[in-house]
Amino acid sequence: MGERGKYSGAFKLEAIRLAGEPDPSVPKVARDLGMSDSSLYGWIRQEKEAGERAFPGKGKQHLTEEQAEIKRLRRELEIARQERDVLKKAVAFFAKEK
C-alpha cells in the first residue's frame, strides 16, 4: 500500500491549472506528477467549491466575516452552556444540604 503524499496548496493549484489547459488530460497530468487521477479530480472539485479558500494549509481556515462571527458566537454559546450546567449542579448540591 502506498504512502499518502502531502502536497502544498501552491502545488495543488498548479496541478489544477495544468489539468485545465486544453492539451493534456487530467489522467495524463496526474501520471506526470506521480499521483492518482482521483486525487487530482478531488482537488479540482474542492477548488470549484471553495475557490481561494480551498487549500488553506497547516490547518488554517480562511473564513469569511460571517463564518468567523458564527464560529465566535458558537464558542461563546458553548461556554455559556457549560457555565449554566455548573450552576445547575451547584444549586442542586446546596439544595440537598438544607
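The structure displayed is predicted, hence computed values, not measured ones.
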Asp37: side chain to side chain contact (heavy atoms under 4.5 Å, CB included) partners, not counting sequence neighbours: Pro27, Ala30, Tyr41
Contacts of Ile44 that satisfy side chain to side chain contact (heavy atoms under 4.5 Å, CB included) - sequence neighbours left out: Ile16, Ala19, Val26, Leu40, Lys48
Between Phe11 and Leu33, is there a side-chain heavy-atom distance shorter than 4.5 Å? yes
To the nearest 0.5 Å, how far apart are CZ in Arg31 and OG in Ser25? 6.5 Å
Residues at least two apart in sequence or cross-chain that pass side chain to side chain donor-acceptor pair (under 3.5 Å) with Gln46, listed by chain then number, are none
Closest heavy-atom contact between Val29 and Ala15? CG1-O, 4.0 Å
Does Ser39 have any side chain to side chain donor-acceptor pair (under 3.5 Å) partners at least two apart in sequence or in another chain, and if so, which? Ser36
Got Phe94 and Lys89 here, is their nearest side-chain heavy-atom distance under 4.5 Å? no
Validation: residues 75-85 side-chain donor-acceptor distances under 3.5 Å, sequence neighbours left out:
residue, atom, partner, partner atom, Å
Glu76, OE2, Arg72, NH1, 2.2
Glu78, OE2, Gln82, NE2, 3.3

Using the side-chain contact (heavy atoms from CB on, under 4.5 Å) rule, take Met35 and Trp43 through it: C-alpha gap first, then chi angles, then the decisive distance, then the call. CA-CA 12 Å; Met35 56 186 295; Trp43 294 349; 3.2 Å; yes
Residue set satisfying side chain to side chain donor-acceptor pair (under 3.5 Å) with Glu21, at least two apart, ordered chain then number -> Arg17
